[in-house]
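Data block below; observations after.
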Amino acid sequence: MSFPAYSTGSYPPDVYTGEGGEASAWLRPSDTPPDLTYASGVTCEYLVTGEQSGGLLGVYRWTFGEPETGPDPHFHRSISEHFYVLSGTVKLYDGREWVTGSPGDYLYVPEGGIHGFRGSDNAQMLLSFAPGGPREDYFETLARGERMGEDERAAFMLRHDTFWV
């Protein structure tokens with residue numbers, strides 16, 4: 001598989017073209033309540049959304065509930081996904097097998113890479129996507145537990161670049 005890349009040692013084209021920089025950073029305090037809470041106890045905090053980053057990336061803090069939850073193996077055609085375990089252990093599917101990730105472990109999944117994750121006991125990880133697609137609608141719809149017919153669910157997954165294997 002080939003990956004689109006910049007030549008070694010080069011940076012992408014400039015995005016900011018002003019002079020002297022600007023005050024545009026923001027801080028999300030650690031005590032900010034989660035943006036989503038699933039029935040299973042999973043919480044998701046939107047650290048930076050695709051919309052906030054101009055479509056460059058999305059970063060989320062994912063905290064599992066007590067029972068084991070997480071998606072089965074799947075892939076995305078247009079986004080890469082990244083997992084960084086913060087606390088506890090998280091089972092990560094790397095396209096070949098389920099491996100156990102511990103604090104400090106990182107898994108990179110390029111576009112088309114089969115992956116999945118499972119966690120429990122309040123384990124926590126950073127989950128990020130690049131570029132930053134509208135994953136919030138995906139997370140929010142699943143958190144609401146909306147019932148979908150087979151065709152409706154297939155259209156929802158297609159709209160959110162999620163292909164099950």
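Side chains are part of it too, since the values below use all heavy atoms of this structure and drop only hydrogens, waters and symmetry mates.
Transitive grouping of hydrophobic side chains (ILVMFWY, heavy atoms separated by less than 4.5 Å) brings F117 and Y138 into a common cluster. Residues W98 and V90 are members of separate hydrophobic clusters, defined by side-chain heavy-atom contacts under 4.5 angstrom among Ile, Leu, Val, Met, Phe, Trp and Tyr. Cluster annotation: L92 and L86 are assigned to distinct hydrophobic clusters (Ile/Leu/Val/Met/Phe/Trp/Tyr, side-chain heavy-atom contacts under 4.5 Å, transitive). Hydrophobic clustering places Y84 together with L56 (ILVMFWY residues linked when any side-chain heavy atoms are closer than 4.5 Å, directly or through intermediates). No continuous path of ILVMFWY side-chain contacts below 4.5 Å connects Y108 to F75, so the two sit in separate hydrophobic clusters.
Note that NE2 of H82 is 9.0 Å distant from CZ of F129, once rounded to the nearest 0.5 Å. For the atom pair L57 CG and S80 OG, the distance stands at 9.5 Å (nearest 0.5 Å). How far OG1 of T43 is from CZ of F64: 10.0 Å, rounded to the nearest 0.5 Å. The structure places CE of M157 at 5.5 Å from CH2 of W164, a figure rounded to the nearest 0.5 Å. Atom CG of D121 sits about 7.5 Å away from atom OG1 of T89, to the nearest 0.5 Å. The structure places CG of L36 at 12.0 Å from OG1 of T63, a figure rounded to the nearest 0.5 Å.
For R28, the CZ atom sits in a packed shell: over 12 heavy atoms of surrounding residues, nucleotides or ligands are nearer than 6.0 Å. Annotation: E51, atom CD; neighbour count of heavy atoms from other residues, nucleotides and ligands within 6.0 Å does not exceed 12. Within a 6.0 Å radius of CD in E150, other residues, nucleotides and ligands contribute 12 heavy atoms or fewer.
A search for ring pair (Phe, Tyr, Trp, His ring centres under 6.0 Å) contacts involving H76 returns H74, H115, not counting sequence neighbours.
In plain terms, the two heavy atoms of C44 and F139 that are nearest each other are SG-CD1, 4.1 Å. Among all heavy-atom pairs drawn from Y38 and L142, the shortest one is CE2-C, 3.9 Å. Contact detail for S87 and P103: the closest heavy-atom pair is CA-CG, 3.8 Å. In plain terms, the two heavy atoms of G55 and P131 that are nearest each other are O-CB, 3.1 Å. Across all non-hydrogen atoms, the minimal contact from E66 to S120 is O-CB, 3.2 Å. Taking every heavy atom of both residues into account, P67 and S40 meet most closely at CD-O, 3.7 Å.
Applying the salt bridge (charged side-chain N to carboxylate O under 4.0 Å, His left out) rule to pairs touching residues 133-149 yields R144-E146, sequence neighbours excluded.
Considering only heavy atoms from C-beta on, D72 stays 4.5 Å or farther from Y93 through its side chain. The shortest distance between side-chain heavy atoms of L47 and L126 falls below 4.5 Å. The closest side-chain heavy-atom distance from V109 to F83 is below 4.5 Å.
Formation of a donor-acceptor pair under 3.5 Å by the T162 side chain with backbone atoms of H160 is found in this model. Using a distance-only test at 3.5 Å, with no hydrogens or angles considered, a donor-acceptor pair links the side chain of S53 to the main chain of G50.
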Yes or no on side-chain contact (heavy atoms from CB on, under 4.5 Å) for Y16 and E22, after CA distance, side-chain angles and deciding distance?
CA-CA 9 Å; Y16 174 75; E22 62 186 25; 3.7 Å; yes
